[in-house]
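Following: one structure in structure tokens, then a few remarks.
Here is the naming used below: chain letters follow the sequence lines, and residue numbers restart at 1 for every chain.
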Number of protein chains: 2
Amino acid sequence: MIQGRWKLPILFRLYADPSMRTLQLKRDLPGISQKMLTAHLRELANDGLIDRVDYGERPRRVEYHLSEGGRALLPVLIAMRQFSVERMSS
Amino acid sequence: MIQGRWKLPILFRLYADPSMRTLQLKRDLPGISQKMLTAHLRELANDGLIDRVDYGERPRRVEYHLSEGGRALLPVLIAMRQFSVERMSS
DNA sequence: CGGCATCCTTTCTGATACTG
DNA sequence: CAGTATCAGAAAGGATGCCG
């Protein structure tokens with residue numbers, strides 16, 4: 001489920017910020033393409049890790065956040081962050 | 001570092017069994033090809049997550065195990081396993 | 001604004017045959 | 001036994017233009 005160039009960056013972003021709009025995510029993930037952003041968001045949603053909320057407004061407004069199932073992944077993200085911290089200081 | 005079809009399976013295997021020979025790994029990872037096994041093992045070793053020990057015997061004997069740096073990844077693996085358990089039962 | 005469709009390139013993976 | 005080399009197909013990723 002987390003295989004993919006931007007899966008973890010997206011999840012970490014939604015971990016830091018509970019609710020993000022599409023364009024916000026795009027801005028906060030320098031280098032990601034529109035295509036991969038939507039593709040990965042769709043996959044994450046299909047896997048039940050994130051929720052997608054379309055407010056049906058004009059202009060469109062779509063928000064993403066970690067789902068309940070996705071929050072079960074938090075221990076993994078936290079452990080990953082800890083790992084990266086340890087790795088930097090060694 | 002864990003991106004790749006077999007990276008996590010390999011790491012979990014070395015987590016369960018502290019020392020594994022190449023052919024053992026191949027046997028315990030049904031479907032992996034010789035190429036991907038050695039490629040991934042080399043990458044994991046280059047990233048400092050596993051140690052590779054070549055005993056220089058004939059026939060050859062090469063063993064792999066989690067390195068000290070790789071054991072720093074254990075909390076991640078444990079959290080992942082917990083996640084998968086929770087996911088199954090829901 | 002958010003997303004699709006298309007095209008193109010790169011990367012990844014697997015099958016097979018071969019070496020010391 | 002462990003690893004390499006080569007080839008071919010599949011998959012992933014990026015750039016661009018278009019739509020409601």
Side-chain angles (χ1 to χ4, degrees), chain A residues 1-67 70 73 80, chain B residues 1-67 70 73 80:
Chain A
M1 293 181 190
I2 58 173
Q3 300 265 22
R5 173 73 177 81
W6 300 97
K7 289 279 186 72
L8 285 172
I10 289 171
L11 289 171
F12 271 101
R13 204 61 201 73
L14 291 175
Y15 167 38
D17 233 304
S19 188
M20 296 281 288
R21 296 185 61 175
T22 311
L23 198 52
Q24 284 180 308
L25 281 167
K26 197 161 178 341
R27 277 197 248 274
D28 291 348
L29 300 172
I32 196 173
S33 64
Q34 174 68 251
K35 177 185 172 182
M36 291 316 297
L37 178 60
T38 55
H40 279 162
L41 286 171
R42 189 171 347 101
E43 290 177 18
L44 291 168
N46 286 342
D47 285 335
L49 298 181
I50 66 175
D51 286 328
R52 177 182 184 278
V53 183
D54 188 337
Y55 290 90
E57 302 176 357
R58 298 275 323 183
R60 288 178 80 178
R61 178 158 140 260
V62 178
E63 291 185 352
Y64 295 92
H65 43 83
L66 287 184
S67 66
L73 203 67
M80 282 183 175
Chain B
M1 294 181 189
I2 59 174
Q3 299 265 21
R5 173 75 177 80
W6 300 96
K7 288 279 185 73
L8 285 172
I10 290 171
L11 289 171
F12 271 101
R13 204 63 200 71
L14 290 176
Y15 166 38
D17 233 305
S19 188
M20 296 281 287
R21 296 186 60 176
T22 312
L23 196 54
Q24 284 181 309
L25 282 168
K26 198 163 181 332
R27 277 197 247 274
D28 290 349
L29 301 173
I32 196 172
S33 64
Q34 173 69 249
K35 176 185 171 182
M36 292 315 296
L37 178 60
T38 54
H40 279 162
L41 287 171
R42 190 172 344 105
E43 290 176 18
L44 291 169
N46 287 342
D47 285 336
L49 297 181
I50 66 176
D51 286 329
R52 177 183 184 277
V53 183
D54 188 337
Y55 291 89
E57 301 175 357
R58 298 274 325 186
R60 287 178 80 177
R61 178 158 141 260
V62 178
E63 290 185 353
Y64 295 92
H65 43 83
L66 288 184
S67 66
L73 204 67
M80 281 183 176

Taking [atom1] from [X] and [atom2] from [N], how many angstroms apart are they, rounded to a whole number?
{"X": "A/Arg5", "N": "D/dA15", "atom1": "CZ", "atom2": "P", "answer": "12 Å"}
{"X": "B/Arg27", "N": "D/dA2", "atom1": "CZ", "atom2": "C1'", "answer": "13 Å"}
{"X": "B/Lys26", "N": "D/dA2", "atom1": "NZ", "atom2": "C1'", "answer": "11 Å"}
{"X": "A/Gln34", "N": "C/dG2", "atom1": "CD", "atom2": "P", "answer": "9 Å"}
{"X": "A/Leu29", "N": "C/dG2", "atom1": "CG", "atom2": "C1'", "answer": "15 Å"}
{"X": "B/Leu37", "N": "D/dA2", "atom1": "CG", "atom2": "C1'", "answer": "9 Å"}
{"X": "B/Ile32", "N": "C/dT16", "atom1": "CD1", "atom2": "P", "answer": "17 Å"}
{"X": "B/Arg42", "N": "D/dG3", "atom1": "CZ", "atom2": "P", "answer": "9 Å"}

message: Any side-chain N or O of A/His40 below 4.0 angstrom from OP1/OP2 of D/dG13?
response: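 A/His40 to D/dG13 OP1/OP2: side-chain N or O found under 4.0 Å.
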message: Counting only heavy atoms and a strict 4.0 angstrom limit, can you tell me which residues of residues 43-64 of chain A come near DNA chain C?
response: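 By residue number: A/Arg52, A/Pro59, A/Arg60, A/Val62, A/Tyr64.
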task: Measure from the side chain of B/Leu23, starting at C-beta and using heavy atoms only, and say which of C/dG3, D/dT4, D/dC1 lies closest.
output: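 Shortest atom-to-atom distance from the side chain points to D/dC1.
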Residue B/Arg21, side-chain heavy atoms: nucleotide from D/dG13, C/dC1, D/dA2 that is nearest: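 Closest of the options to the side chain of B/Arg21: D/dA2.
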So do the side chains of [X] and [Y] get within less than 4.5 Å of each other, counting heavy atoms only?
{"X": "B/Met20", "Y": "B/Asp28", "answer": "yes"}
{"X": "B/Leu66", "Y": "B/Leu73", "answer": "no"}
{"X": "B/Met80", "Y": "A/Met80", "answer": "yes"}

Provide the closest heavy-atom pair for [X] versus [Y] in the form atom of the first, atom of the second, distance.
{"X": "A/Tyr64", "Y": "A/Leu25", "result": "CD1-CD1, 4.1 Å"}
{"X": "A/Glu63", "Y": "A/Arg21", "result": "CG-CG, 3.8 Å"}
{"X": "A/Ser67", "Y": "A/Gly48", "result": "OG-O, 2.6 Å"}

query: Which sits closer to the 5' end of DNA chain D, A/Met36 or B/Thr22, going by the nucleotide each is nearest to?
result: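 Closer to the 5' end of DNA chain D: B/Thr22.
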- request: Verify, without hydrogens or angle tests, whether A/Lys7 (side chain) and A/Met1 (backbone) share a donor-acceptor contact under 3.5 angstrom.
  value: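 It does hold such a pair.
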